[in-house]
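Note that the structure is predicted; figures quoted are calculated from it, not measured. In what follows, every chain begins at residue 1, and chains take the letters A, B, ... in the order their sequences are listed.
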Amino acid sequence: MNIDLALRASIQDSIKTLFQTNIEQLQLQPTNAEFEGSHTLVCFPLAKISKKNPEQTATAIGEYLVTHTEIVSRYNVVKGFLNLVIADRVWAEVFQFIYSDKNFGLLPSNGKEWMVEYSSPNTNKPLHLGHLRNNFLGYSVAEIYKALGYRVHKVQIINDRGIHICKSMAAWKLFGQGETPQSSGLKGDKLVGKYYVEFDKHYKIQIKELMEKGATEADAEKQAPIMKQAVEMLQKWEAKDEATVQLWKMMNGWVYEGFSFTYKRMGVDFEKLYYESDTYLLGKDEVLRGLAQGVFYKKEDGSVWVDLSSDGLDQKVLLRADGTSVYMTQDIGTAILRFRDFPKIEGQIYTVGNEQEYHFKVLFLILKKLGYSWAEKCYHLSYGMVDLPSGKMKSREGTVVDADDLMQEMAEEAEKQTRELGKIDDLTEEQIKSLSEIIGLGALKFFLLKVDPKKRMLFDPNESIQLQGHTGPFIQYTHARIRAIIRKAEAMEIKPNRNELTQIISLEPAEREVIFMVNNYINKLNEAARDYSPAVVANFAFDLAKGYNQFYQSIPIFNESDQAKLKFRIAFSEVVADVLRKSMKLLGIEVPEKM
RNA sequence: GGUCUCGUAGCUCAACUGGAUAGAGCAGCUGCCUUCUAAGCAGCAGGUUGCUGGUUCGAGUCCAGCCGGGAUCACCA
């Protein structure tokens with residue numbers, strides 16, 4: 001049974017009977033821990049229709065519910081708040097319903113399709129901490145929508161062309177002496193990143209030299225020979241110069257090889273990859289079409305612009321005077337291509353940092369001006385930066401936290417702590433490695449996902465590696481502990497029977513609390529989807545684990561002599577383990593059987 | 001400067017979108033392993049929710065103005 005709906009209906013009935021009014025909106029909220037009850041009706045707004053003060057209103061409704069329904073067993077009124085106690089028998093029914101549904105928490109298909117873009121790195125340097133937040137976030141939002149019955153297409157746009165990759169190419173050509181991942185033993189993305197840094201180093205020196213000879217800074221930036229080489233490469237690339245394209249392909253290939261290793265360890269996946277090099281031409285066509293239709297305009301120098309001043313924004317360039325495309329151009333092309341490839345999607349979610357909020361505002365407006373109605377269903381899932389205790393990550397200052405290094409450190413630290421605790425004597429070396437990976441990555445993912453995505457967050461390495469408290473491993477541990485109970489129950493051949501579950505007539509407070517939380521799981525998923533916030537799921541899982549641990553600590557399950565209660569508690573534990581596993585899975589976090 | 005955004009315990013974060021005496025974790029202090037995994041549990045302490053007004057039965061939440069962070073306003077991506 002759906003207790004929330006049943007309760008709402010009963011309350012509406014009571015109001016109709018008592019005050020002769022139909023009311024749609026009810027303020028029903030969880031009861032504060034200090035009062036008895038689980039559901040609280042806020043009665044202040046009802047005072048107007050009841051023509052009584054809030055307290056009398058609450059009392060009247062409470063009295064009605066107790067005498068006229070089977071759901072509410074007791075009530076108490078504090079000021080205008082009506083606290084309702086649901087009968088334990090009803091909780092037992094709720095639990096029975098959940099226990100019987102093997103697909104609890106997974107809604108059937110609703111026939112709707114969405115696209116989620118995430119990751120979308122440049123191909124000139126390795127992935128870092130910021131990308132981790134992006135990847136975990138995008139992956140998790142996609143999984144949450146899937147659980148709610150959506151079909152979700154995970155994609156990314158790979159920024160494989162442009163001046164940034166040409167910089168690495170130029171530097172490699174000048175100083176690389178043919179170095180490859182094979183010859184150097186370096187991961188492909190790391191190798192290409194090395195030459196990006198190399199470029200920057202020489203570029204700075206050249207600028208300085210030119211300025212010492214009297215050039216202005218702006219001039220020096222343009223005249224630096226190494227920059228000229230990079231720009232020349234970009235032009236050659238757009239002109240499809242064979243040698244340049246060859247070099248570009250080779251170096252990008254190295255990067256993809258490196259990335260795929262990193263993605264695999266992160267546990268993220270993509271249904272389809274889009275490459276900027278494939279989409280920018282479509283973008284160009286669309287811009288020219290818009291120009292012909294008068295949506296855009298051309299300046300004397302030949303560059304194409306959009307005027308968004310009537311929308312409160314400014315002018316934005318869409319094509320350079322030399323006809324080459326800018327970032328916006330290819331994003332226009334990519335969006336259109338995606339709706340052609342997946343005609344059934346209603347819209348798409350772009351997981352991109354909040355520094356690009358303006359960009360997406362402009363992009364969606366342009367798409368709307370071009371006549372694409374789905375533009376309104378495009379959503380920028382904008383997330384805050386990840387700061388370090390020392391401040392912002394800066395590549396120049398070498399404070400960038402590398403994704404591969406970080407994952408490795410987390411796994412190593414998890415292994416170290418696991419060995420110190422010494423509970424793993426029956427595991428093989430291989431199993432210990434695998435467990436450490438699960439725990440380390442679990443800690444990292446939970447750390448990055450537990451914070452509201454919209455907010456900028458602090459990454460404190462010492463705190464992130466904590467395995468106690470408000471962490472992923474805390475939840476993993478709770479799961480492992482429950483699994484030990486299940487194994488013991490199986491060994492003792494205690495098998496809960498779903499038809500017997502309603503024989504339970506009284507529940508412990510901790511049990512009631514946990515059933516309430518589990519029952520609320522779908523609501524939480526909806527909330528998480530509505531807000532595009534895996535943090536809602538993360539905090540739900542934490543609260544559930546916390547609630548179960550209170551039960552676990554206060555009630556020794558196998559000491560129970562009442563067989564019905566014993567079986568109920570086994571079933572109860574199974575359900576909690578199952579919901580913990582499912583909710584953690586939505587965060588991309590695995591839960592172990594033992595730890 | 002314009003626009004957007006954030007400011008909650010020493011630190012990191014919550015607060016069901018306007019509801020009760022603002023909650024967790026970490027750090028500190030005190031208890032609990034002969035019993036299902038102590039990566040746990042129970043407790044103590046910690047707050048003028050940046051400031052000042054306003055709206056209302058009720059404001060951390062909405063509005064205005066200050067103060068202080070951050071982002072953005074590129075023919076970079």
Side-chain angles (χ1 to χ4, degrees), chain A residues 27-35 40 42-45 47 53-54 78-81 83 120 122 124 159 161-165 276 299 301 303-305 312-314 316-322 324-328 330-331 353-359 361 382 384-385 387 389 392 414 417-418 420-421 423 439 443 447 450-452 454-460 462-464 466-471 473-478 480-489 520 523-524 527 530-531 535-536 539 542-543 545-546 549-559 569 573 594-595:
Chain A
Q27 282 193 52
L28 205 54
Q29 63 187 39
T31 305
N32 280 12
E34 64 204 283
F35 303 113
T40 293
V42 184
C43 294
F44 298 94
N53 69 36
V78 182
K79 298 188 211 169
F81 297 93
N83 301 319
S120 304
N122 288 344
N124 60 331
N159 300 299
R161 48 144 247 130
I163 193 70
H164 55 277
I165 180 70
E276 188 183 317
K299 283 194 178 172
D301 66 358
S303 55
V304 179
W305 293 70
L313 306 174
D314 54 11
K316 199 85 189 167
V317 69
L318 300 178
L319 279 181
R320 295 190 186 99
D322 64 4
T324 57
S325 57
V326 293
Y327 181 48
M328 188 65 74
Q330 60 99 3
D331 262 6
N354 64 6
E355 70 273 13
Q356 294 197 36
E357 271 171 12
Y358 185 78
H359 171 78
K361 232 179 246 178
S382 162
M385 281 190 179
D387 285 329
K392 241 177 116 161
Q417 295 196 32
T418 301
E420 276 169 10
L421 283 169
K423 299 186 197 174
I439 296 172
F447 190 87
K450 72 179 177 186
V451 181
D452 182 345
K454 290 194 291 293
K455 292 189 180 167
R456 134 192 300 266
M457 69 174 289
L458 183 76
F459 185 85
D460 184 337
N462 296 326
E463 205 180 312
S464 71
Q466 280 274 348
L467 309 182
Q468 294 90 24
H470 192 194
T471 66
F474 168 87
I475 300 165
Q476 291 172 322
Y477 175 71
T478 306
R481 230 163 38 165
I482 299 176
R483 292 304 303 163
I485 289 173
I486 309 296
R487 283 193 297 272
K488 184 171 174 181
N520 206 24
N523 289 339
K524 285 290 176 185
E527 191 184 325
R530 182 196 65 199
D531 295 345
V536 171
N539 290 319
F542 174 72
D543 290 339
K546 185 105 185 131
N549 281 333
Q550 283 164 12
F551 159 82
Y552 178 93
Q553 213 73 221
S554 58
I555 301 167
I557 294 178
F558 293 101
N559 285 1
R569 284 177 184 152
S573 299
K594 293 180 186 174
M595 71 184 270

When you measure from the side chain of Gln29(A), which nucleotide among U12(B), C41(B), C16(B) comes out closest? C16(B)
Does C76(B) have a Watson-Crick or wobble partner in any strand here, with both distances under 3.5 angstrom, and which is it? none
Rounded to whole Å, please give me the gap between CD in Glu527(A) and P in U17(B). 8 Å
Would you say a side-chain N or O of Lys546(A) is under 4.0 Å from OP1 or OP2 of C41(B)? yes
Is it true that Lys454(A) and Asp452(A) have a side-chain N and a carboxylate O under 4.0 angstrom from each other? yes
Select one nucleotide: of C36(B), A77(B), C41(B), the one nearest the side-chain heavy atoms of Asn549(A). C41(B)
I want to verify the glycosidic state of C33(B); is it syn or anti under the 90° rule? syn
Would Lys488(A) and Phe558(A) count as a cation-pi pair here, with the cationic atom under 6.0 angstrom from the ring centre and within 45° of the axis? yes
Looking at Tyr552(A), does any N or O in its side chain come under 4.0 Å of the phosphate oxygens OP1/OP2 on A38(B)? yes
Please state whether the phosphate of A14(B), meaning OP1 or OP2, lies under 4.0 angstrom from any side-chain nitrogen or oxygen of Lys455(A). yes
Tell me whether the side-chain N/O atoms of Lys79(A) come closer than 4.0 Å to OP1 or OP2 in U21(B). yes
Classify Val78(A) by what it touches in the nucleic acid, base, sugar-phosphate, or nothing, heavy-atom distance under 4.0 Å. base
Which nucleotide in the set A20(B), U37(B), C57(B) lies at the smallest distance from any side-chain heavy atom of Thr31(A)? A20(B)
Would you mind reading off the distance between Asp387(A) atom CG and C6(B) atom P, rounded to a whole angstrom? 16 Å
Think Gln550(A) has a side-chain N or O under 4.0 angstrom from the OP1 or OP2 of A42(B)? yes
Please state whether the phosphate of A74(B), meaning OP1 or OP2, lies under 4.0 angstrom from any side-chain nitrogen or oxygen of Arg320(A). no
Distance test, side-chain N/O of Lys316(A) to OP1/OP2 of A74(B), below 4.0 Å: no
From the list G40(B), A20(B), U37(B), which nucleotide is the closest neighbour of the side chain of Gln468(A)? G40(B)
Quick one: ring pair (Phe, Tyr, Trp, His ring centres under 6.0 Å) partners of Tyr358(A), sequence neighbours excluded? none
